[in-house]
K.L.:
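I am attaching a structure below and will ask some questions about it afterwards.
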Amino acid sequence: MVESDHFDPTTHPHRRYNPLTNTHILVSPHRTKRPWLGQTEPPAPSNIPRYDKNCYLCPRNTRANGSINEDYRATMVFENDYAAVLPPPGPTAPAAPHPLLTTEPIQGGCDVVCFHPRHDLSLPTLSLDDIVTIIKEWTRIYHRRGAQDGIKYVQIFENKGAIMGCSNLHPHSQVWSTSTLPTIPAKELSNLRDYALSAAATTNGPKGYQNKPCLLCEYVTYERTVKERIVIENEHFVSLVPWWAYWPFEVLVLPYKRHIPSLAHFTPEETRALADIISHITIRYDNLFSCSFAYAMGIHQRPLPPKRVDGTIVEDEDDIAHFHVHFEPPLLRSAMVRKFLAGYEVMAEPQRDLTAEQAAQRLRACSSVHYSLEKVIRQECKCAIDALHAYATKLENKRAETELLPGKEQHIWLQITVKTMHPERKLKPFRIPIKYPLVDPRTLGVCLITKDPQRQYKDLLEQHHIKFISRVVGVEKLKGKFKAFEARRLLLKENAMFLADERVIPLLPRLLGSKWFDAKKQPIPVCLTRKDLKGELERAIESSYMHQNKGTCTINLETALPAIVSHIKGGWDNIQSLHIKTSASISLPIWTCDLGSEEGGRWNGLVAGDTEEAEEKVASENSEEEGEGGESEEEDEDEDERDQEDEEPVKPKKVVSVGKGMKRRLEDKTEQPKKRPKPSLAARTNLVGISPRRLLLPSRIHTMPVPKVLTTEPLDNGCSNPRPAVAIFAILKSKTNAFPLSTIIIEQYRPPLDKHVIEFPAGLLNAPTSAGGPDEEAEVAALRELEEETGYRATLQDVVECTPTIACDPGMTTTRMKLVVVKVELEDKMEYPVANPDPGEHIVVKVVELAQLKRVLEGTCFRFVRLALTRWE
């Protein structure tokens, strides 16, 4: 029994009111501790193939009624072969045998929307552009079905997971259009209408139809003020666990900037924002229990799309509706324990154990990176941090031999390389939440810098019973008592962390000086006007700028990444790579985007690609610009030479000094001839290649498509005493064809080159065991190096071919290298084993599809690999 003098909603049972449906729900938070001995669900399958020949929704497959699916590339829409309602005309209903036993005919149509041709994807693993395409398809169906005679409501929904009754794992949703208004939307619309006619508005939130109060506008404005039930929000939408939530991790997605009645009212920016919030909430769902999270999702909006006159939307009374998305998942305690409707819930009213606030907190704590990727990131983070720690320790020990005073503390920096820079103002500093606080206020001092008067904020801390702030300093005290260098030095030394009122942050660089920033003790901004002041300060202590901490770097990196990425224009879609480094080390890669020019790849949208269509497009542009199509490259070069001869010499630019440290170029008044640049395929750009397994990277690029320029000719790099070596061309194959033929490439730092390189796994042959004895067999060395550098295992029977000596390798100072082709056969799905590199060696392993590798190698001199690829295909 729970006893207390004061009501506590986290422990005491209570009822909550749902104003949308005019119902109540019983909340029993104390029951979360009860043991579960009931039914468990089998885990969702994790080895789903990209294509399933038995799936009724995969491209080119035959459905149950004999229809053949089109070879679709994005979404596919068709009328449900087994629709719940049928199109008109329908039969007339018989007369009711009794007034209590009435029958109402219903007609309509049911559509199926396949999200993507791949069988193994779902909303959390689809790209943002894919989800935008899906929303646009929903909008088209909403308009088309809503314009049909007799239709009174269009319901868009998705069932995901077998425990939600989904009969096909292929990613899809449904749209049911009916000649009647269904019960739940009718209740919501009725309550929205009643609220609009009342005087219940209590916030300054957006107004609804005819500037009347909107229930959901008011609600979302309040929730954004208290924030305790909000999971995530972006520029236009917020996802939250509603106060009246019934399902354990139920989520409501709402627009908050303006009243939006339906999909028909969306702007392009709002469509993309909705796609973004759907992606993030479904990723958090999957990460909650590290499984494909089951749910029922439905969109509630205007019953039908609005009418237009001369392209302008005409308002009517149905605009009382407020667009929102319901996510109602059944999972409760784990991936195998679901919530059931039984007993009291069926006979009396809905009931839940977990409070909405607790559910929101757990969803907020989930990463915005899908768990299938986080496993790789954690492994790479740990390897990189271990390598940096060993390097920093080595430097410190070496310095201690010659220096009496200890050196500066080595901090770890997280470096993010983006694909595209956006021209906009500099971002303000922002807090980064981490799982393990860098400062424990029970043992270390925390100083709060405030506006004046200082005493007012000391009293405020006492009113909120805040004991973990050890000192409060006002701005006037900083200008007076702590103006002297020695006083500021002692203040810095006595406190491990500094918090500051966000209103005084701009004043602090001048008042504090550079020592705060050198010591990585920049004051963290806090809002001292919040109602939940204690929670605000606690969250600030649990946040920091990223720098080295005792043993928790890996977890802190994982926790911090979602907050960091949310402040980068374009989010994960615009991130090329992640590296970490200390102040005195090179940067070590912990994550890179997919290779190639496919969706999400490094060159996506930046190169024309290697396809014939792209070449034809570029040729067409050349023809339009130059006025003569079909000229050869030699003729173009001759024409360029003639143009250069006809051009007048260009006078040099004058350079004059303007002000201190500035130069300005003044152009000569003579008009200079302008030469049109010729468009060309960026994919044809020659990159510097060394050996059949090496690619030198430009200083600004740390991940690129597989090598474009490779050689099979021996190169002379002045090697002395060359030792034999092997490069391994591993071919990954599934026994069940669960994934396409693939190979392995790695990225690592090569000291002789002072560069990060992308290469095939490789290594030296072991020296002879006795003087004059034979070297290790190339095939044996290849299998050993493959397991050490990538974790993949094979046997001598899996060796397909071994080439003669083909190239030198400047990274290993050898002119005798062989290429060994090895078959690695996996049981079913793709596996990512743990590598066992040599001490001090940091390697990032990437798996690349052979078809992609072959496309990139077209037109290069790497004939052996192309022939091997052709034989395997």
Side-chain angles (χ1 to χ4, degrees), residues 15-25 104 106 108 138-139 142-143 145-148 150-157 175-224 236-238 240 242-246 250-266 270 274 297-309 312-328 349-350:
R15 295 176 84 205
R16 295 192 180 189
Y17 176 63
N18 182 350
L20 262 183
T21 58
N22 196 26
T23 57
H24 287 83
I25 179 171
E104 180 183 4
I106 184 171
W138 288 339
T139 306
Y142 177 60
H143 280 285
R145 288 292 192 178
Q148 294 178 356
I151 297 299
K152 293 185 179 179
Y153 192 81
V154 179
Q155 177 63 63
I156 301 167
F157 66 95
V175 183
W176 288 12
S177 309
T178 59
S179 58
T180 59
L181 185 61
T183 304
I184 296 177
K187 280 185 179 180
E188 290 189 358
L189 288 170
S190 175
N191 291 315
L192 285 168
R193 189 171 288 108
D194 292 343
Y195 188 89
L197 298 176
S198 70
T202 56
T203 72
N204 295 321
K207 302 301 179 184
Y209 172 61
Q210 294 183 343
N211 204 35
K212 295 178 180 178
C214 170
L215 187 155
L216 288 178
C217 286
E218 296 290 331
Y219 174 65
V220 73
T221 301
Y222 173 77
E223 288 287 14
R224 292 186 70 244
H236 295 280
F237 288 88
V238 61
L240 54 88
W243 166 263
W244 54 81
Y246 167 50
E250 181 178 334
V251 162
L252 196 62
V253 175
L254 294 157
Y256 64 83
K257 281 190 173 180
R258 67 187 185 101
H259 179 77
I260 304 179
S262 72
L263 285 169
H265 296 76
F266 274 38
E270 288 166 343
L274 177 62
M297 180 275 290
I299 293 176
H300 285 172
Q301 56 184 334
R302 275 181 58 110
L304 300 175
K307 295 181 180 179
R308 290 177 180 265
V309 176
T312 303
I313 293 178
V314 178
E315 288 189 355
D316 58 39
E317 61 179 9
D318 282 344
D319 281 342
I320 204 74
H322 185 100
F323 175 92
H324 58 283
V325 184
H326 292 275
F327 282 91
E328 300 183 349
E349 68 180 10

K.L.:
So, does Ser198 use its side chain to make a donor-acceptor pair with the main chain of Tyr195 at under 3.5 Å?
P.N.:
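Yes; at least one donor-acceptor contact below 3.5 Å.
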
K.L.:
Output yes when a side-chain donor or acceptor of Thr221 lies under 3.5 Å from a complementary backbone atom of Cys217, and no otherwise.
P.N.:
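Flag set: sc Thr221 to bb Cys217 pair under 3.5 Å.
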
K.L.:
Kindly check if the number of other-residue, nucleotide or ligand heavy atoms within 6.0 Å of NZ (Lys257) is above 12?
P.N.:
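Yes - once you tally the heavy atoms of other residues, nucleotides and ligands closer than 6.0 Å, there are more than 12.
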
K.L.:
Between atom CG of Asn18 and atom CD1 of Ile25, what is the distance when rounded to the nearest 0.5 Å?
P.N.:
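Rounded to the nearest 0.5 Å, the CG-CD1 separation comes out at 8.5 Å.
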
K.L.:
Can a donor-acceptor pair be found, under 3.5 Å and without considering hydrogens, that links the side chain of His259 to the backbone of Asp319?
P.N.:
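Such a contact is found between His259 side chain and Asp319 backbone.
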
K.L.:
Decide, yes or no, whether a salt bridge links Asp316 with Arg302 under the criterion of side-chain N to carboxylate O below 4.0 Å.
P.N.:
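Counted as a salt bridge, because a side-chain N and a carboxylate O are separated by less than 4.0 Å.
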
K.L.:
Would you indicate whether the side-chain heavy atoms of Leu215 and Glu188 approach each other to under 4.5 Å?
P.N.:
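Counting from C-beta outward, Glu188 and Leu215 never come under 4.5 Å.
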
K.L.:
I'd like to check Leu20 versus Leu216 (side-chain heavy atoms, cut-off strictly below 4.5 Å). Are they in contact?
P.N.:
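Leu20 vs Leu216: side chains touch.
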
K.L.:
Test of understanding: with ring pair (Phe, Tyr, Trp, His ring centres under 6.0 Å), list the residues that count as partners of Trp244, not counting sequence neighbours.
P.N.:
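Ring pair (Phe, Tyr, Trp, His ring centres under 6.0 Å) check on Trp244 returns Tyr219.
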
K.L.:
If the condition is side-chain contact (heavy atoms from CB on, under 4.5 Å), which residues does Gln155 pass it with, not counting sequence neighbours?
P.N.:
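Gln155 satisfies side-chain contact (heavy atoms from CB on, under 4.5 Å) with Tyr153, Phe157, Pro185, His300 only.
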
K.L.:
Are Leu181 and Leu189 packed together at the side-chain level, in the sense that at least one heavy-atom pair is separated by less than 4.5 angstrom?
P.N.:
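Counting from C-beta outward, Leu181 and Leu189 do come under 4.5 Å.
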
K.L.:
Over all heavy atoms of both residues, which pair between Pro306 and Ala264 is shortest? Give the atoms and the distance, please.
P.N.:
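Pro306 and Ala264 have their closest heavy atoms at CD-CB, 3.6 Å.
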
K.L.:
Do you know the tightest heavy-atom contact between His24 and Arg15?
P.N.:
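Shortest heavy-atom separation between His24 and Arg15 comes out as CB-NH2, 3.2 Å.
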
K.L.:
Please give me the minimum heavy-atom distance between Lys187 and Thr21, naming the atom from each residue.
P.N.:
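Smallest heavy-atom distance, with atoms named: CD-O, 4.2 Å.
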
K.L.:
Please determine whether the number of non-hydrogen atoms from other residues, nucleotides or ligands lying under 6.0 Å from atom CD1 of Ile184 exceeds 12.
P.N.:
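No - once you tally the heavy atoms of other residues, nucleotides and ligands closer than 6.0 Å, there are 12 at most.
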
K.L.:
Which residues satisfy the side-chain contact (heavy atoms from CB on, under 4.5 Å) test with Lys212, sequence neighbours excluded?
P.N.:
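With sequence neighbours excluded, Lys212 shows a side-chain contact (heavy atoms from CB on, under 4.5 Å) to Ala196, Leu197, Gln210, given in chain and number order.
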
K.L.:
What do you reckon, is CD of Glu349 surrounded by more than 12 foreign heavy atoms closer than 6.0 Å?
P.N.:
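Check passes, neighbour count above 12.
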
K.L.:
Can you tell me how far apart CZ (Phe327) and CG (Leu252) are? Round to the nearest 0.5 Å.
P.N.:
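Phe327 CZ to Leu252 CG: 10.0 Å, rounded to 0.5 Å.
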
K.L.:
Measure the spacing between CD1 of Ile320 and CG of Asn191 and express it to the nearest 0.5 Å.
P.N.:
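Atom-to-atom, Ile320:CD1 and Asn191:CG are 11.5 Å apart.
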
K.L.:
How many angstroms lie between atom SG of Cys214 and atom OH of Tyr209, to the nearest 0.5 angstrom?
P.N.:
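Going from SG on Cys214 over to OH on Tyr209, the span is 14.0 Å.
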
K.L.:
What are the two closest non-hydrogen atoms of His265 and Arg258, and how far apart are they?
P.N.:
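So the two residues come closest at O-NH2, 2.8 Å.
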
K.L.:
Do Glu223 and Val238 come within less than 4.5 Å of each other through their side chains, counting heavy atoms only?
P.N.:
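Glu223 does not reach Val238 side chain to side chain.
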
K.L.:
Would you check if Asp318 and Pro303 make a side-chain contact, meaning some heavy-atom pair closer than 4.5 Å?
P.N.:
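Yes - at least one pair of side-chain heavy atoms lies under 4.5 Å apart.
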
K.L.:
Which pair of heavy atoms, one from Tyr142 and one from Pro305, lies closest together, and at what distance?
P.N.:
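Reported closest heavy-atom pair: OH-N, 3.2 Å.
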
K.L.:
Which residues satisfy the ring pair (Phe, Tyr, Trp, His ring centres under 6.0 Å) test with Phe266, sequence neighbours excluded?
P.N.:
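With neighbours one apart ignored, the set is Phe237, Phe323.
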
K.L.:
Please check this pair: side chain of Asn211 against backbone of Lys207, looking for a donor-acceptor N/O pair closer than 3.5 Å.
P.N.:
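Answer holds: no.
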
K.L.:
My understanding is that only residues two or more places apart in sequence, or in another chain, count here; which of them pass side-chain contact (heavy atoms from CB on, under 4.5 Å) with Gln148?
P.N.:
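Gln148 satisfies side-chain contact (heavy atoms from CB on, under 4.5 Å) with Arg144, Arg145, Ile151 once adjacent residues are dropped.
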
K.L.:
Who passes side-chain contact (heavy atoms from CB on, under 4.5 Å) against Thr180, sequence neighbours left out?
P.N.:
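Scan of Thr180 (side-chain contact (heavy atoms from CB on, under 4.5 Å), adjacent residues dropped) gives Glu104, Ile106, Thr178.
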
K.L.:
Below 4.5 Å, heavy atoms only, C-beta onward: do Tyr17 and Thr23 meet side chain to side chain?
P.N.:
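Tyr17 does not reach Thr23 side chain to side chain.
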
K.L.:
Under a 4.5 Å cut-off applied to non-hydrogen side-chain atoms, are Val253 and His324 in contact?
P.N.:
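No - every pair of side-chain heavy atoms lies 4.5 Å or more apart.
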
K.L.:
Can you give me the closest heavy-atom contact between Leu274 and Leu263, atom names plus distance?
P.N.:
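Closest approach of Leu274 to Leu263: CD2-CD2, 4.4 Å.
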
